[in-house]
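Scope of the values below: all heavy atoms of this structure, side chains included, with no hydrogens, waters or symmetry mates. Numbered from 1 within each chain, the chains take letters A, B, ... in sequence-line order.
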Amino acid sequence: MAEIRIKNLHKEFGTGQDKVVALENVNLEITGHSFVSIVGPSGCGKSTLLNILTGIETPTNGTVDITSDGHVAAPGYVFQAARLLPWRTVTDNLLFVQEDRSDSTKQRCQRYLEMVQLGDKGDKFPGELSGGMQQRVGIARAFSIEPDVLFMDEPFSHLDAITARALRRELHHMWDETKKMVVFVTHDVGEAVELSNRILVFAKGGSLEDDIQIDLPFPRDPADDEVAVAKAHVLRKFEELDLLAS
Amino acid sequence: MTDTATDTTAEAPQTPRVTEEELARKARRTELTSRWFWRILSYIVVLAVWEFALLDIFGFLRGTPLDPKLLPGPSEVVATFFEIWGEGTMPAAFQATLTRIAIGFGLSFLIGAMIGILMQSKWFEGFFKDAVLISLSAPGLIWVLITAIIFGNRPLGPTIAIILTTFALVTVNVSEGIKALPKELIDMAKSFQVGTFKRNRQIVIPHLAPYLFTGLRFGFSIAWKVTVLTEVFSSSEGIGFEMRISAVLFDMSEFLTWILAFFFFALFLEKVVLEAIERRYFRWRQAVTAS
């Protein structure tokens, strides 16, 4: 079972007058098969937190431990843009992040491509696919390494509403089937409520302001009263924190 | 009877359906035909002008038609081409020239790429910047003459002339390629814990390949011209040397034959070798363009 423990996490960029505090004294624990969304306005440190969690950036102070059954957990990452190698085919893009190219690895990659409805596009180059399809490949790539924790940074923000909705359903389905932990960054409260069982609200300046549990059954339809009420509740929290105004 | 009539009426309004793929194929075919038409037309025009120049209507009217020895016709040049080919002079001359290019441009490519990498440091950029600029802007003829004066017939002359005229093209391309390294892909690879060797092999090298290829393509075309020029001035073998001999002997038919051979080889290199490399290694770029 995966666990994330963040203690007194602090991150600054620049020095002197140019110093910007991206994250301020963040303490957090996430365990098990959870879908946690991190929401907040632009500049609240959402992406910085994700970059620290995945090792792209190092914290100024504090500690981050990501473990799975006592071992260092293997992370998967889905980015805002798909970030595929344009000179490699879809299958090779998945194989690029694998430790080996054995038959069983290839079969696993193919299985995840099929899960995102792209089973027949393995020999295509990313340039031949639509934006939605490329993002699907990005999701399949992250799942294909069978990570203990999956980090997603606003993965649907570049897509049209219909494609994004379809992909949200696919993502939920995959999360449910694989029992992975997902840490999902978004600025879309509706998206967070539809997908998550826990929402962390960050304020400008990088402080964790609220930790909201969403105990509604899946799959959630945004048109459902209960989902709408939950969304209104999170938005009210936003207002309380004066986040909307900022 | 009535039933059959009803059935026929029901099926009659069907029009042949043309799929999008068929339309795209048709458009591609039309585009290709049109491109080839203009290409072939250009050859016809050049050959016609050549023949017309031979007739020299104005000179003819004055009673002094152009001497065919000064400008032999296309058919005579083609005949001489096969004659020289049969003698075995042509492969030997090409071999001499191509060996010079391979050595000179091979070294130039390595030196240019190395300087391109070094120029990522601002100190080395300052050190090499003007040298690169001079190499890019100075006419190749300058280096050809200087090296011909200094080295005479020795093989080092053409090699240095090629390096001085072409290294900067490689440098500029490598330098630009390194500056445009896709940080977001490298970060992606790091987040998936892909090792440095694999990152370089699968991200850095494929990213730099089109830049290196552009340097190779342009550098080679200049190396080719410079080599022939050095041979014209100071060599005892190679295409340039053969051209000089033909010019000294006033054998225009042979001179034009060498130009024709030069042209065919350049065309072969561009259309067969380079385009094949492009199709093989840069297929993904065509996919990006087509989508």
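- In this structure, OH on A:Tyr77 lies 13.0 Å from CD on B:Gln193, to the nearest 0.5 angstrom.
- Note that the CZ atom of A:Phe79 and the CG atom of B:Asp187 stand 7.5 Å from one another [nearest 0.5 Å].
- Between B:Ser191 and A:Asn51 there is no side-chain heavy-atom pair separated by less than 4.5 Å.
- Open room surrounds CD1 on A:Ile162; 12 or fewer heavy atoms of other groups in view lie less than 6.0 Å from it.
- In this structure, A:Trp87 and B:Ile203 have side chains that are in contact, with non-hydrogen atoms separated by less than 4.5 Å.
- The environment of CZ in A:Phe13 is crowded: more than 12 heavy-atom neighbours from other residues, nucleotides or ligands sit within 6.0 Å.
- A distance of 12.0 Å separates CD1 in B:Ile186 from CD1 in A:Ile56, rounded to the nearest 0.5 Å.
- For A:Glu99, no part lies near chain B; criterion is any non-hydrogen pair under 4.5 Å.
- Both the backbone and the side chain of A:Arg141 come within contact range of chain B, judged by heavy atoms closer than 4.5 Å.
- Counting non-hydrogen atoms of other residues, nucleotides and ligands closer than 6.0 Å to NZ of A:Lys106 gives a total above 12.
- Shown here is B:Lys179, whose NZ atom has more than 12 heavy atoms of other residues, nucleotides or ligands within 6.0 Å.
- The environment of CZ in B:Phe265 is crowded: more than 12 heavy-atom neighbours from other residues, nucleotides or ligands sit within 6.0 Å.
- Within 6.0 Å of NZ on B:Lys183 lie no more than 12 heavy atoms contributed by other residues, nucleotides or ligands.
- Not a single donor-acceptor pair under 3.5 Å links the side chain of B:Lys190 to the backbone N or O of A:Gly55.
- Few gaps surround CD on B:Glu270; more than 12 heavy atoms of other groups in view lie less than 6.0 Å from it.
- Annotation: side chain of B:Met188 is in contact with side chain of A:Leu85 (closest heavy-atom distance under 4.5 Å).
- The shortest distance between side-chain heavy atoms of B:Pro206 and A:Arg88 falls below 4.5 Å.
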